[in-house]
Every structure is written in structure tokens, then in C-alpha cells.
S.K.: 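One structure is given below, represented as C-alpha cells, and several questions about it will come after.
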Amino acid sequence: MCGISGFVNFKSKVEKRQIEAMNEAIQHRGPDGRGIFVGKHKNFHLGFGHVRLAILDLSEKGRQPMGLCLGKTRDKSFLVYDDGKAPDYLVTFNGEIYNFLELRSELEKVGYSFETECDTEVLLKGYEHWGTDVVSKLNGMFAFVIWDVHGDLLFGARDRLGKKPLKYYFDDERFIFCSELKGILTQNVPREIDLNAVDQYLTLQYVPAPLTGFKNIFKLEQASFFILNLKTKEFNTERYWDVPFDKKKSRRKKEWMKQIEDCIDKSVQRRMLTSDVEVGSFLSGGVDSSAVVAFASRYKENLKTFTIQFAEKDFDESECAQKVARQYKTEHYSFTVTANDMQNAMEKIVFQYEEPYADVSQLPTYILAQKTSEKVKVVLNGDGGDENFAGYDRYRIHQIADKMKWLPFTNMAAWICKKLSENVNSALFHQAFVFFKTLRESPAVRHYNYTRYFDTFTKEDFYLDSIKKSINKDSFEAFRKYEKKLPTVEAIQYLDFHTYLPDDLMAKVDIACSAFGLESRSPLLDYKLVEAAAEMPLKYKMKGKKRKKILKEILVDRYLSKDILYRKKQGFDVPVDAWFRSELRDFLNSALLDPKGLVLNLMKRKKVEELLEEHYKGKDNGKKLWVLLTLNLWYRQYFI
């Protein structure tokens with residue numbers, strides 16, 4: 001985990017202080033060191049910044065930005081770390097390349113030599129040898145930008161699953177990039193709210209790429225790279241990899257089980273051993289994190305494990321986590337989260353997440369990361385199991401919708417449910433209305449509305465008329481671009497891999513961990529495992545109410561007990577609905593009904609007041625209220 005930044009100015013000089021300001025804004029990502037390169041070349045000025053979290057090659061040789069100067073032969077090339085020597089190639093890099101030793105060996109065979117033991121040098125020399133094709137060679141999590149001096153270009157890329165962030169701003173005069181918006185905003189970039197991004201956020205709880213919530217500031221999409229031609233200022237992006245759901249392979253079930261088990265084992269092994277510091281693991285007590293701990297314990301005795309618990313038993317999985325910890329004899333730590341913790345941390349969390357973001361599990365993730373960082377520098381997580389093995393309830397809902405969509409009474413059912421939702425204090429009738437109303441829509445449009453946040457119908461009721469005119473009419477654009485001709489469940493999995501996974505889950509973990517100089521690694525999102533799971537027929541993952549079938553069959557008895565594997569899925573949720581009726585009621589009212597807040601400049605005050613009143617009387621509007629609360633706090637942090 002590190003932080004990267006950079007600045008190209010086509011009209012005036014880039015000062016060191018500008019890069020220093022960007023480094024300062026993201027120092028939390030890399031508390032072990034800072035680096036700056038500033039230079040002039042032909043018709044532009046350039047600066048690269050880096051803040052370092054030392055994980056591999058802890059020596060000074062691993063510092064960045066790292067430059068490569070070529071001699072007449074490759075064995076006479078040497079590295080530079082500052083602006084005292086103009087390089088042929090310069091890189092600022094965030095992440096880990098888990099197969100860097102294999103790539104290093106491959107490069108050594110064609111004449112390259114190496115001065116360091118780190119993956120950054122392998123990336124830099126890999127680009128010199130393979131060019132932009134280097135990204136297809138990398139197995140890891142990464143975001144980087146390379147200045148190719150002789151090619152007159154900047155080349156930047158993100159990893160296949162979007163684990164590491166890369167955001168940018170570009171106008172006629174400047175190109176600015178950074179791991180976080182906070183760095184870009186230090187450069188007097190205009191701050192203007194992107195209402196289309198906010199509209200997406202209200203439904204999805206996150207802003208889908210390439211949007212960020214700020215006009216003209218974007219995030220590079222996962223599995224993509226950009227090339228900025230420094231002569232012509234032409235900027236282009238390109239996707240270099242995709243999840244192969246359309247490339248099914250035929251194998252017997254036992255063969256699939258062996259392949260998946262081997263993939264998980266190798267993935268965990270890579271992430272345990274590619275580190276010069278101690279590695280621990282998050283452990284929620286769910287299937288995925290428990291599986292990761294089971295495999296990780298092969299490579300580390302007394303593995304440190306970390307979990308969050310709640311006083312509210314319906315949300316607490318700590319007992320299951322403790323059971324897995326006892327089984328694998330881990331050094332286990334459990335931390336409690338309360339409503340008071342939430343209120344105390346809200347302002348910091350909203351600032352840290354920097355885009356409109358309202359996944360309620362950001363709170364326990366943030367506190368868990370803070371506590372974990374006191375014990376280890378690298379931690380494993382269980383993200384990716386649901387996407388790979390069809391673990392979400394919503395996949396089953398789509399199957400049911402496919403079977404029902406041609407029934408003749410769906411419009412009548414939608415009308416009845418809408419009337420009931422208007423007169424009965426229960427959120428279930430509105431959810432049923434959305435289900436019936438969207439039955440005959442495409443899976444992408446259905447999926448967009450299958451939320452407990454603000455679906456398109458609710459937004460239509462809440463928005464001020466002036467706001468409706470200002471927002472793009474095609475609310476589904478972010479999902480439609482990922483529509484693919486696949487069986488419905490796999491079409492939704494594919495969509496999740498391109499939206500929910502990178503823009504919600506990966507962002508949540510990266511931002512929470514980076515706030516405390518902690519690096520998080522996701523073994524179940526090794527791209528080779530993702531490819532294997534995508535090529536597997538759906539019947540091995542999901543059948544009726546059974547989900548994650550093959551994963552659980554691999555794990556049962558040999559790795560985990562049945563009561564861990566086959567209990568009802570809980571998820572990493574937070575009791576905000578109860579907290580908003582008690583400890584946080586006054587805080588919520590004050591923040592939400594602030595006339596200077598963004599919410600009342602988008603929505604009818606009466607509708608917001610009704611939403612609050614319904615919740616206090618027992619209707620579960622907790623998720624909607626959380627979305628509005630974090631939106632107002634974000635607006636206060638960045639625009640007032």
C-alpha cells in the first residue's frame with residue numbers, strides 16, 4: 001500500500017511544493033517515506049510524487065519515484081530516485097506484484113540485471129521490455145503511472161479487479177493524477193458537484209467509474225490503462241482484460257473442485273509469502289474470510305486474526321469468528337463497535353472516502369483497519385467469494401424474476417403493492433412493487449433497482465422539479481454499458497465484477513486500510529481464480545436456494561465445520577436502523593434537515609421529513625437515511 005501522484009503542466013513550471021502538497025494529502029497511505037521527481041522535457045514540465053508503505057525490500061533502494069537510465073547495454077542501466085538525473089523511464093507505483101520473481105527471472109534470461117529486491121524495478125524494466133503489454137503479465141494489485149521519455153507519453157494502469165485506485169483531472173493546461181482526490185484538490189482544481197454522479201450514488205450507495213462526484217475529475221476503470229500523448233495531448237483509455245463468463249469449459253465436478261482448491265491455495269500462498277513484514281487476516285466468521293484463514297494457517301503458525309463485534313446480536317458474527325480462530329489456533333483479536341463510535345468517526349470517515357459513499361459496513365471496516373494496523377502491516381480479506389461463486393441473495397431473486405416475468409398479472413401486482421406501500425408502514429411492499437414493476441426490464445435495469453436505497457421510482461417522488469431537469473435521463477447508463485448476452489445470473493455476476501466490486505467493495509477496503517498505513521490483500525480475487533470460477537458452469541455454484549455450492553463442498557469437514565458453512569448468510573452489516581431511532585436520532589435530524597445541506601437542495605423537504613417519521617415509527621428506512629446523511633456530510637466536507 002502506497003500513494004502515488006503526478007502533475008504534467010504544458011504551460012508553466014511544476015514546482016516541488018506542488019508535489020509535496022499532493023504527498024502531504026495522501027501521507028496516510030505511505031507513512032514510511034516520501035519521494036519527489038520534478039523535471040522539464042521539451043514542451044512540458046512534469047512532477048511525480050510517492051508516499052511509501054515499505055512491504056518489499058525495506059531498504060532505501062525500494063524508494064520511489066524510481067527512474068531507469070539506460071546505457072548502451074542493459075547491464076549498464078542504473079536506477080535514479082530524484083531529479084538530479086534525467087531518466088529514460090520513470091515510475092510511481094502503488095500495490096504488489098505477486099509474480100514479480102517469475103517476471104524477474106524471465107527478464108534476466110534476456111539480459112536484464114537488478115539492483116533491488118522489489119517489484120517496482122521489475123515493473124519498470126518489464127515496461128522497457130514489453131511496453132504496454134506488461135499489464136497482461138502482472139498478477140497482483142496495482143495502480144501506476146510511467147513516464148516514457150523517448151516515447152513522449154504517460155502510461156498509467158489499474159489492476160484487473162480494481163483493488164488499487166487511480167484518479168485524474170485533465171484540462172488544456174494540466175494533467176493531474178493521484179491515488180486519492182484529496183491530492184488532486186490541492187492543485188486549485190475547480191470544485192463542482194456532478195449531479196449525475198450523485199444521482200447514481202443515491203441508488204447504488206457508491207459512485208460508479210469513471211465518475212467521482214466531482215465534475216471533470218475521474219477514476220480510471222479497473223482492468224484498464226491510459227496513454228497520454230505528451231506531444232498532441234491526446235488521451236485514450238483501453239481495457240486489457242475481462243472476466244470470461246462467455247468461455248465455459250467442460251470438466252467433471254471433481255476436476256473443478258481440485259482446480260478451485262489449488263487456485264485458492266496458490267493465491268493465499270502468494271499473498272502470504274510476498275512480504276518482508278508480518279501478514280495477518282480479517283476474520284468475520286463468514287464462509288469467505290474463514291476459508292482464507294484456513295488456507296493462510298498452512299503458511300503461518302499463530303496467524304493473527306481480527307474481527308468486529310456488535311452488542312446487537314442480530315448483527316454479531318464474533319462467536320463464529322472465535323470458533324474458526326480456535327480451530328486454527330490463531331492469535332485472535334476482537335473489537336466492539338457502538339453507535340457512539342460511529343458518531344465520533346463519521347466526519348473522519350466521510351473525509352477519508354472523499355466521494356459520495358454509503359456502504360454501511362464502511363464504519364466497522366474503518367475501525368477494524370485502525371485496530372488491525374496496530375498489530376500488523378499487511379492483512380488478508382475474504383472479498384470476492386460471493387461474486388465468484390454466486391453467493392448473493394439477489395442472484396436468486398433474478399432467477400425468480402425470469403420465471404415470473406411473462407405472467408399476466410404483474411402490472412396489477414405492482415399497482416397493489418404500490419398502494420399498500422403508501423398505506424402500510426413496511427418497506428417490504430415497496431420492494432415488492434419494484435420487483436413487479438421491473439419484471440420485464442433487462443437484467444441490468446432490474447439489478448439497478450434491486451436495492452434498499454433510492455430506486456428510480458423513489459427518486460422521482462423525492463427530487464425537486466428543477467433537479468429532475470438537470471440530471472441525465474438515462475439513470476441506467478452505468479449498468480447498461482456492461483450488459484452482456486449471458487444467462488441472467490451470470491450477466492449479473494459480470495455486472496457486479498465491473499461495478500459493485502471495484503467501486504464499492506474494493507474502494508471500501510482500500511480507503512479504510514490506507515487511512516492507517518495498512519495493506520489489504522484479497523486472495524479470492526486472484527485473477528486466475530476469477531477466470532477459473534467464471535469458466536465453470538453455474539450449476540456447480542448455485543442451485544435453487546443453495547449458493548456457493550462447490551466452494552462449500554471443498555471446505556466442508558476438511559477445512560471448516562458445517563455450522564460455519566451452512567448457517568444463514570449474514571453479511572458485514574451495521575445496526576444503523578436501531579441507532580437512528582435511539583442514540584443517533586438528534587444527530588441524524590440535525591444533519592439531514594440542515595437547510596444549507598445538499599439533500600434539501602435536491603429533494604422535497606416534506607418527503608425527507610416523512611422518511612424520518614416513518615423510520616421512527618418502525619419502518620426500516622435506515623439505509624436510505626444513511627445515504628442522505630453521508631451525502632450531506634460529504635457536501636459539508638468538500639464544498640462548504
S.K.: Within a 6.0 Å radius of atom NZ on Lys562, are there more than 12 heavy atoms belonging to other residues, nucleotides or ligands?
M.R.: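 Incorrect, the count does not exceed 12.
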S.K.: Under a 3.5 Å cutoff, is there a donor and acceptor pairing between the side chains of Thr212 and Asp194?
M.R.: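 No - no donor-acceptor pair under 3.5 Å links their side chains.
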S.K.: If I take atom CD1 from residue Ile492 and atom OH from residue Tyr482, how far apart are they, to the nearest 0.5 angstrom?
M.R.: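 Ile492 CD1 to Tyr482 OH: 14.5 Å, rounded to 0.5 Å.
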S.K.: Applying side-chain hydrogen bond (donor to acceptor under 3.5 Å, both in side chains), run through Ser442 and Glu483 and close with a yes or a no.
M.R.: CA-CA 9 Å; Ser442 70; Glu483 284 187 309; 2.8 Å; yes
S.K.: Kindly indicate whether the side chain of Asp620, heavy atoms from C-beta on, has any atom under 4.5 Å from the side chain of Leu428.
M.R.: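 No; the side chains remain at least 4.5 Å from each other.
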S.K.: May I ask you to decide if the ring planes of Phe433 and Phe457 are parallel, tilted or perpendicular, using 30° and 60° as cut-offs?
M.R.: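 Perpendicular.
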S.K.: Could you tell me whether the side chain of Lys508 and the main chain of Tyr357 form a donor-acceptor pair under 3.5 Å?
M.R.: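 It does not hold such a pair.
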S.K.: Salt bridge (Lys or Arg N to Asp or Glu O under 4.0 Å), that's the test. Do Asp563 and Lys323 meet it? Break it down for me.
M.R.: CA-CA 10 Å; Asp563 60 332; Lys323 182 171 183 176; 2.2 Å; yes
S.K.: Nearest heavy-atom pair of Ser520 and Asn381: which atoms, and what distance?
M.R.: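 Scanning both residues, the minimum pair turns out to be OG-ND2, 2.7 Å.
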S.K.: Give me the one residue out of Tyr448, Phe476, Phe479, Tyr206 that meets side chain to side chain contact (heavy atoms under 4.5 Å, CB included) with Gln200.
M.R.: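 The passing option is Tyr448.
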S.K.: Taking atom types as modelled and ignoring hydrogens, do the side chains of Ser470 and Tyr463 form a donor-acceptor contact shorter than 3.5 angstrom?
M.R.: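 No.
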S.K.: Which heavy atom of Ala512 sits nearest to which heavy atom of Tyr353, and what is that distance?
M.R.: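 Smallest interatomic distance, heavy atoms only, reads CB-OH, 3.6 Å.
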S.K.: Anything under 30° is parallel, anything over 60° is perpendicular, the rest tilted; go ahead and classify Phe454 against Phe462.
M.R.: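 Rings of Phe454 and Phe462: perpendicular, over 60°.
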S.K.: Shortest non-hydrogen contact from Ala390 to Gln493?
M.R.: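 Here Ala390 and Gln493 meet closest at N-NE2, 3.7 Å.
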S.K.: Kindly give the heavy-atom pair with the smallest separation between Asp504 and Gln205, and that separation in Å.
M.R.: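 Looking at all heavy atoms of both residues, the closest pair is OD2-NE2, 2.5 Å.
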S.K.: Judged by atom type as modelled, is there a donor-acceptor pair below 3.5 Å linking the side chain of Glu221 to the main-chain atoms of Arg158?
M.R.: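 No, the answer is negative, given that no donor and acceptor are paired below the 3.5 Å cut-off.
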S.K.: Would you say Thr372's side chain and Ala369's backbone share a donor-acceptor pair under 3.5 angstrom?
M.R.: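 A pair under 3.5 Å: no.
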S.K.: Keeping the roles fixed (side chain from Glu490, backbone from Pro487), state whether a donor-acceptor pair exists under 3.5 Å.
M.R.: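 Such a contact is absent between Glu490 side chain and Pro487 backbone.
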S.K.: Tell me if the NZ atom of Lys248 is crowded by more than 12 foreign heavy atoms within 6.0 Å.
M.R.: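 Result for NZ/Lys248: enclosed.
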S.K.: Between Leu584 and Leu629, is there a side-chain heavy-atom distance shorter than 4.5 Å?
M.R.: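 No, too far: nothing below the 4.5 Å cut-off.
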S.K.: Just by distance, with hydrogens left out, do Thr203 and Lys459 show a side-chain donor and acceptor under 3.5 Å apart?
M.R.: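 Per modelled atom types, Thr203 and Lys459 side chains form a pair under 3.5 Å.
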S.K.: Using a strict cut-off of less than 4.0 Å between a Lys/Arg side-chain nitrogen and an Asp/Glu carboxylate oxygen, indicate whether Arg558 and Glu261 qualify as a salt bridge.
M.R.: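 Between Glu261 and Arg558 there is a salt bridge, with a charged N closer than 4.0 Å to a carboxylate O.
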S.K.: For the pair Asp455 (side chain) and Val434 (backbone), establish whether a donor and an acceptor sit closer than 3.5 Å, ignoring hydrogens and angles.
M.R.: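 Pair absent, no side-chain N/O of Asp455 close to backbone of Val434.
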S.K.: Above 12 or not: heavy atoms from other molecules or residues under 6.0 Å from NZ of Lys481?
M.R.: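 Enclosed.
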S.K.: Would you say the side-chain atoms of Asp461 and Thr458 include a donor-acceptor pair closer than 3.5 Å?
M.R.: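 No, no side-chain donor-acceptor contact under 3.5 Å.
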S.K.: Working to the nearest 0.5 angstrom, can you tell me the gap between Leu380 CG and Phe306 CZ?
M.R.: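 One finds 10.5 Å between CG of Leu380 and CZ of Phe306.
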S.K.: Applying the side chain to side chain contact (heavy atoms under 4.5 Å, CB included) test to Val599, which of Val627, Leu593, Leu628, Leu202 qualifies?
M.R.: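 Exactly one candidate clears the test, Leu628.
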S.K.: Are the side chain of Glu354 and the backbone of Leu181 linked by a donor-acceptor contact shorter than 3.5 Å?
M.R.: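 Yes; judged by distance alone, with no hydrogens or angles, the pair exists.
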S.K.: Counting only heavy atoms not in Lys266, do more than 12 sit closer than 6.0 Å to its NZ atom?
M.R.: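 Counting neighbours around NZ of Lys266, 12 or fewer heavy atoms of other residues, nucleotides or ligands fall under 6.0 Å, so no.
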S.K.: Taking all heavy atoms of Ala533 and all of Phe389, pick out the closest pair and write down the distance.
M.R.: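 Smallest interatomic distance, heavy atoms only, reads CB-CE2, 4.2 Å.
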S.K.: Take a 6.0 Å sphere around NZ of Lys604 and say whether it holds more than 12 heavy atoms from other residues, nucleotides or ligands.
M.R.: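 Yes.
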S.K.: Any salt bridge linking Glu610 with Lys607? Criterion: basic side-chain nitrogen under 4.0 Å from a carboxylate oxygen.
M.R.: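 Result for this pair is yes, salt bridge flagged.
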S.K.: Kindly assign one of parallel, tilted or perpendicular to the pair His398 and His447, based on the angle between their ring planes and the thresholds 30° and 60°.
M.R.: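 Rings of His398 and His447: tilted, 30 to 60°.
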S.K.: Do Ser284 and Ser289 get their side chains close enough for a donor-acceptor pair, meaning under 3.5 Å?
M.R.: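 Yes, Ser289 and Ser284 have a side-chain donor paired with an acceptor closer than 3.5 Å.
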S.K.: Kindly check if the number of other-residue, nucleotide or ligand heavy atoms within 6.0 Å of NZ (Lys484) is above 12?
M.R.: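 Enclosed.
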S.K.: Could you state the interatomic distance from CD1 (Ile367) to CD (Gln362), rounded to the nearest 0.5 Å?
M.R.: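 It is 11.0 Å, given to the nearest 0.5 Å.
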S.K.: Find the distance between CZ (Arg396) and CE (Met542) and round it off to the nearest 0.5 Å.
M.R.: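 Arg396 atom CZ to Met542 atom CE measures 6.5 Å (nearest 0.5 Å).
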S.K.: Taking only Lys NZ, Arg NE, NH1 and NH2, and the carboxylate oxygens of Asp or Glu, determine whether Asp386 and Arg547 approach each other closer than 4.0 Å.
M.R.: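 So Asp386 does not pair with Arg547 through a salt bridge.
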S.K.: Which residue is it: Lys219, Lys164, Arg521? I am looking for the one with a salt bridge (charged side-chain N to carboxylate O under 4.0 Å, His left out) to Asp510.
M.R.: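 The option that passes is Lys164.
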S.K.: With side-chain contact (heavy atoms from CB on, under 4.5 Å) as the test, would you mind laying out the steps for Gln327 and Tyr559 before giving the verdict?
M.R.: CA-CA 9 Å; Gln327 178 182 348; Tyr559 293 100; 5.9 Å; no
S.K.: For the pair Thr365 (side chain) and Leu363 (backbone), establish whether a donor and an acceptor sit closer than 3.5 Å, ignoring hydrogens and angles.
M.R.: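 No; judged by distance alone, with no hydrogens or angles, the pair does not exist.
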S.K.: Step by step, would you call Glu387 with Tyr392 a side-chain hydrogen bond (donor to acceptor under 3.5 Å, both in side chains)?
M.R.: CA-CA 8 Å; Glu387 288 78 11; Tyr392 292 123; 2.6 Å; yes
S.K.: Side chain of Asn632, backbone of Leu598: donor and acceptor closer than 3.5 Å?
M.R.: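 Pair found, side chain donor or acceptor close to backbone of Leu598.
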S.K.: Just verifying a value: how many Å separate Leu625 CG and Asn589 CG, rounded to the nearest 0.5 Å?
M.R.: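 Reported to 0.5 Å precision, the distance equals 9.5 Å.
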S.K.: Specify the closest pair of heavy atoms between Pro364 and Ile308, including all atoms of both residues, with the distance to one decimal.
M.R.: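 Heavy-atom minimum between the residues: O-CG1, 3.7 Å.
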S.K.: Is any side-chain N of the basic residue among Lys163 and Asp383 closer than 4.0 Å to the acidic one's carboxylate O?
M.R.: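 A salt bridge is absent here (no side-chain N lies under 4.0 Å from a carboxylate O).
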S.K.: Measure the acute angle between the ring planes of His498 and Tyr494, then classify it against the limits of 30° and 60° as parallel, tilted or perpendicular.
M.R.: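 The rings of His498 and Tyr494 sit tilted, inter-plane angle from 30° to 60°.
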S.K.: Evaluate whether atom NZ of Lys405 has more than 12 neighbouring non-hydrogen atoms of other residues, nucleotides or ligands under 6.0 angstrom away.
M.R.: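 Yes, because the 6.0 Å sphere around NZ of Lys405 holds more than 12 heavy atoms from other groups.
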S.K.: Please assess Arg581 against His615 for the test side-chain contact (heavy atoms from CB on, under 4.5 Å), listing each intermediate value before the final yes or no.
M.R.: CA-CA 7 Å; Arg581 293 189 186 102; His615 187 76; 3.6 Å; yes
S.K.: Within the supplied structure, the quantity of interest is the number of heavy atoms (other residues, nucleotides, ligands) at a distance under 6.0 Å from Lys437 NZ; does it exceed 12?
M.R.: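 Atom NZ in Lys437 is not crowded, with 12 or fewer foreign heavy atoms closer than 6.0 Å.
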S.K.: If only atom types and distance count, is the side chain of Thr488 paired as donor or acceptor with the main-chain N or O of Gln399 below 3.5 Å?
M.R.: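 No, the answer is negative, given that no donor and acceptor are paired below the 3.5 Å cut-off.
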S.K.: Going by distance alone, is a donor N or O of one side chain under 3.5 Å from an acceptor N or O of the other, for Glu531 and Trp241?
M.R.: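 A pair is found: one side chain offers a donor N or O, the other an acceptor, under 3.5 Å apart.
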S.K.: Side chain of Trp634, backbone of Val350: donor and acceptor closer than 3.5 Å?
M.R.: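 No; zero donor-acceptor contacts below 3.5 Å.
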S.K.: Any heavy-atom pair between the side chains of Val292 and Asp288 that's under 4.5 Å?
M.R.: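 They are not in contact (no side-chain heavy atoms under 4.5 Å apart), so the answer is no.
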S.K.: Drop me the distance from Asp242's CG to Lys247's NZ, to the nearest 0.5 angstrom.
M.R.: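 Rounded to the nearest 0.5 Å, the CG-NZ separation comes out at 8.5 Å.
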S.K.: Please check if any side-chain donor atom of Thr438 sits under 3.5 Å from a side-chain acceptor atom of Asn449, or the reverse.
M.R.: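 No - no donor-acceptor pair under 3.5 Å links their side chains.
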